[in-house]
Amino acid sequence: MPELPEVEVVRRGLERWVSGRTVTDTEVLHPRAVRRHLAGAADFADRLRGVTLGPAYRRGKYLWLPLGNGTSLLGHLGMSGQLLVQPQNVPDEAHLRIRVRFTDTAAPAAGEAGTSAAGEAGGTELRFVDQRTFGGLSVHDCVPDGPDAAVGLPLPLAHIAPDPLEKAFDEDVFHEALRRRRTTIKRALLDQSLISGVGNIYADEALWRSKLHYDRPTAAMTRPRTAELIAHIREVMGDALAAGGTSFDSLYVNVNGESGYFDRSLDVYGREGEPCRRCGTLIRRRPWMNRSSYFCPRCQRPPRVS
DNA sequence: CCCCTGTCCTGCCTGC
DNA sequence: TGCAGGCAGGACAGGG
């Protein structure tokens, strides 16, 4: 599943291969992939026809491209989504859900399939592929004013907090919001209105690095503890980005950033029964919110009242 | 208003 | 061999 660093790789790929191109037509092959576009698949295609896509932006795991008319194209990869830039003659993927064609995507001359592309990205189309259809694309009005308006932030993202890699992320604001909540630290890390872009895996990784148990009450967080936790989240994300951030570089590669490297750099997630890399104690797994939490029982002491 | 649970979806893996 | 069931996960609707 794409974590924030992989989504950032996708953003870079979109910016390089898709931004600046003008849409001719859009094909929705599975209605669920546009379910967040409430007006339906036909309207979705109508709103994209003829527009030129702006720069690619990201907040947390959301991606968007302004359309220059007060609306933006919004995307989320969900659990299994990919955005691919493919030559037209490549056969459809098994789980192709949406296809976007561009004005520079020349149809191959009859009987002459596979001719060379006119421009660098010419001859390619954008494909949204998603096995489990948790992700999707949609078009929305942008927020009307403020700094978010300048980047065409889609209205549905107005309540999403900045992610820790953004300049706009304010550690003091986050800490105060954390202290106001009556909940536990891992729940808070997964709450998109407090901090975005942290999924189950990176939450466990950052908590392990910070020696914090997932069930610690947020009310017990001190300013230095919060600072340390944020620093560790940035580290985990930064390491992954450094490792996988170059895989978008070649054309025709999927911009999804799947590199396989990401999994290997994990310290606790998925390591039940294996020794903690700090103290050697065996890592444990606990069922948690219909998911799992991995932790070191020695480095990450549970709170007194759980 | 705040917090928490259930739900969406499909392929892979395990165990009977 | 085949099938049932568990698991994975982000985001959000709706319940308490």
Side-chain angles (χ1 to χ4, degrees), chain A residues 1-8 10-11 28-38 58-64 74-83 93-98 128-138 140 153-164 174 176-207 214-221 233 236-237 240 256-258 260 262-263 266 268-273 283-294 305-306:
Chain A
M1 78 262 59
E3 290 291 329
L4 182 144
E6 293 156 275
V7 178
E8 171 59 18
V10 175
R11 189 199 65 77
V28 176
L29 295 99
H30 195 305
R32 196 174 142 77
V34 294
R35 70 190 181 287
R36 291 185 188 90
H37 191 95
L38 300 180
R58 180 188 58 71
R59 170 161 291 182
K61 296 180 184 176
Y62 286 99
L63 295 161
W64 74 92
L74 174 64
H76 197 291
L77 303 179
M79 308 252 334
S80 52
Q82 298 170 273
L83 282 163
E93 291 75 9
H95 302 290
L96 178 64
R97 309 304 191 195
I98 301 170
F128 180 73
V129 176
D130 192 5
Q131 176 190 103
R132 284 183 251 186
T133 63
F134 272 55
L137 302 180
S138 48
H140 303 275
L153 186 80
L155 267 177
L157 301 199
H159 74 286
I160 304 288
D163 68 66
F174 173 67
E176 290 313 314
L178 206 55
R179 293 298 305 257
R180 277 195 297 274
R181 288 301 177 92
R182 292 293 172 264
T183 186
T184 51
I185 188 63
K186 186 171 169 183
R187 282 179 186 278
L189 287 182
L190 299 181
D191 185 332
Q192 304 296 297
S193 68
L194 295 177
I195 181 172
S196 65
V198 183
N200 195 46
I201 295 175
Y202 284 3
D204 280 3
E205 292 297 310
L207 288 169
Y214 59 89
D215 251 348
R216 271 183 78 98
T218 49
M221 289 295 284
I233 292 171
V236 172
M237 290 178 172
N256 129 354
E258 56 178 343
F262 294 87
D263 297 333
L266 299 178
V268 271
Y269 190 85
R271 296 192 64 239
E272 182 184 23
I283 299 298
R284 289 191 187 156
R285 182 181 73 88
R286 289 278 178 277
W288 185 85
M289 300 223 356
N290 294 322
R291 285 167 179 66
S292 295
S293 278
Y294 294 87
V305 191
S306 185

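Please read these numbers as outputs of a predicted model, since none were measured by experiment. Convention: sequence-line order gives letters A, B, ...; per-chain numbering from 1.
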**Student:** As an exercise, state the distance from OG1 of A/Thr218 to CG of A/Leu189, rounded to the nearest 0.5 Å.
**Tutor:**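 Taking OG1 in A/Thr218 and CG in A/Leu189, the distance rounds to 10.0 Å.
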**Student:** Can you tell me the distance, in whole Å, between the CD atom of A/Glu272 and the C1' atom of C/dA8?
**Tutor:** 15 Å
**Student:** Between atom CG of A/Leu153 and atom NE2 of A/His140, what is the distance when rounded to the nearest 0.5 Å?
**Tutor:**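 The CG atom of A/Leu153 sits 11.0 Å away from the NE2 atom of A/His140.
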**Student:** Going by number, which of residues 187-196 of chain A have a non-hydrogen atom under 4.0 Å from DNA chain B?
**Tutor:** A/Arg187
**Student:** How bent is the helix from B/dC2-C/dG16 to B/dC16-C/dG2, measuring the angle between the end axes built from five pairs each, rounded to 10°?
**Tutor:**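 About 50° separates the two local helix axes.
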**Student:** If each of A/Ser292 and A/Tyr62 is mapped to the nucleotide of DNA chain C with the nearest heavy atom, which maps nearer the 5' terminus, i.e. the 5' end?
**Tutor:** A/Ser292
**Student:** Quick check: closest heavy atoms across A/Arg181 and A/Ser193, and the distance to 0.1 Å?
**Tutor:**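 Answer, listing the atom of A/Arg181 first, then A/Ser193: NH2-OG, 3.4 Å.
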**Student:** Does the side chain of A/Arg286 pick up a donor-acceptor pair with the side chain of A/Ser293 at under 3.5 Å?
**Tutor:** no
**Student:** Does A/Gln131 offer a backbone N or O that forms a donor-acceptor pair with the side chain of A/Arg97 under 3.5 Å?
**Tutor:** yes
**Student:** If you measure from the Lys or Arg side-chain nitrogens to the Asp or Glu carboxylate oxygens, is any gap between A/Glu6 and A/Lys61 under 4.0 Å?
**Tutor:** no
**Student:** If the plane angle is over 60° it's perpendicular, under 30° parallel, otherwise tilted; pick one for A/Trp288 and A/Tyr214.
**Tutor:**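 Aromatic pair A/Trp288/A/Tyr214 classed perpendicular.
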**Student:** Rounded to the Å, how far apart are A/Leu4 CG and C/dA11 C1'?
**Tutor:**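 From A/Leu4 CG to C/dA11 C1': 15 Å.
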**Student:** Check every strand shown and say whether A/Gly78 touches a base, only sugar-phosphate, or nothing at a heavy-atom separation below 4.0 Å.
**Tutor:**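 No contact at all - A/Gly78 keeps every heavy atom at 4.0 Å or more from the nucleic acid.
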**Student:** Under a 4.0 Å N-O cut-off, is there an ion pair linking A/Glu272 with A/Arg284?
**Tutor:** no
**Student:** Taking CZ from A/Arg286 and P from C/dC7, how many angstroms apart are they, rounded to a whole number?
**Tutor:** 14 Å
**Student:** Output yes when A/Glu176 and A/Arg179 qualify as a salt bridge under the 4.0 Å nitrogen-oxygen rule, no when they do not.
**Tutor:** no
**Student:** Return the value, rounded to whole Å, for the distance between atom CG of A/Leu74 and atom P of C/dG10.
**Tutor:** 17 Å
**Student:** If each of A/Asn290 and A/Arg181 is mapped to the nucleotide of DNA chain B with the nearest heavy atom, which maps nearer the 5' terminus, i.e. the 5' end?
**Tutor:** A/Arg181
**Student:** Minimum heavy-atom separation for A/Gln192 and A/Val198, please, with both atom names.
**Tutor:** NE2-O, 4.2 Å
**Student:** Assign A/His159 to base, sugar-phosphate, or nothing according to its heavy-atom contacts below 4.0 angstrom with the strands shown.
**Tutor:**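 Contact class for A/His159: sugar-phosphate only.
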**Student:** Who pairs with A/Phe128 by ring pair (Phe, Tyr, Trp, His ring centres under 6.0 Å), at least two apart in sequence or on another chain?
**Tutor:**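 Result, ring pair (Phe, Tyr, Trp, His ring centres under 6.0 Å) vs A/Phe128: none returned.
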**Student:** Return yes if a side-chain donor-acceptor contact under 3.5 Å exists between A/Ser196 and A/Asp163, otherwise no.
**Tutor:** no
**Student:** Heavy atoms of chain A, cut-off under 4.0 Å: which first and last nucleotide of DNA chain B, 5' to 3', fall inside that, if you could look?
**Tutor:** B/dC3 to B/dG11
**Student:** Take atom CE of A/Met79 and atom C1' of C/dC12, then tell me their distance rounded to the nearest Å.
**Tutor:** 15 Å
**Student:** Given side chains that start at C-beta, do those of A/Ile195 and A/Ile233 come closer than 4.5 Å, heavy atoms only?
**Tutor:** yes
**Student:** Return the value, rounded to whole Å, for the distance between atom CZ of A/Arg35 and atom P of C/dA11.
**Tutor:**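 Taking atom P of C/dA11 as the reference, CZ of A/Arg35 is at 12 Å.
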**Student:** What pairs with A/Tyr62 under ring pair (Phe, Tyr, Trp, His ring centres under 6.0 Å), at least two apart in sequence or on another chain?
**Tutor:**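 Scan of A/Tyr62 (ring pair (Phe, Tyr, Trp, His ring centres under 6.0 Å), adjacent residues dropped) gives A/His76.
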**Student:** Do any of residues 128-136 of chain A sit with a heavy atom less than 4.0 Å from DNA chain C, and if so which?
**Tutor:** A/Arg132, A/Phe134
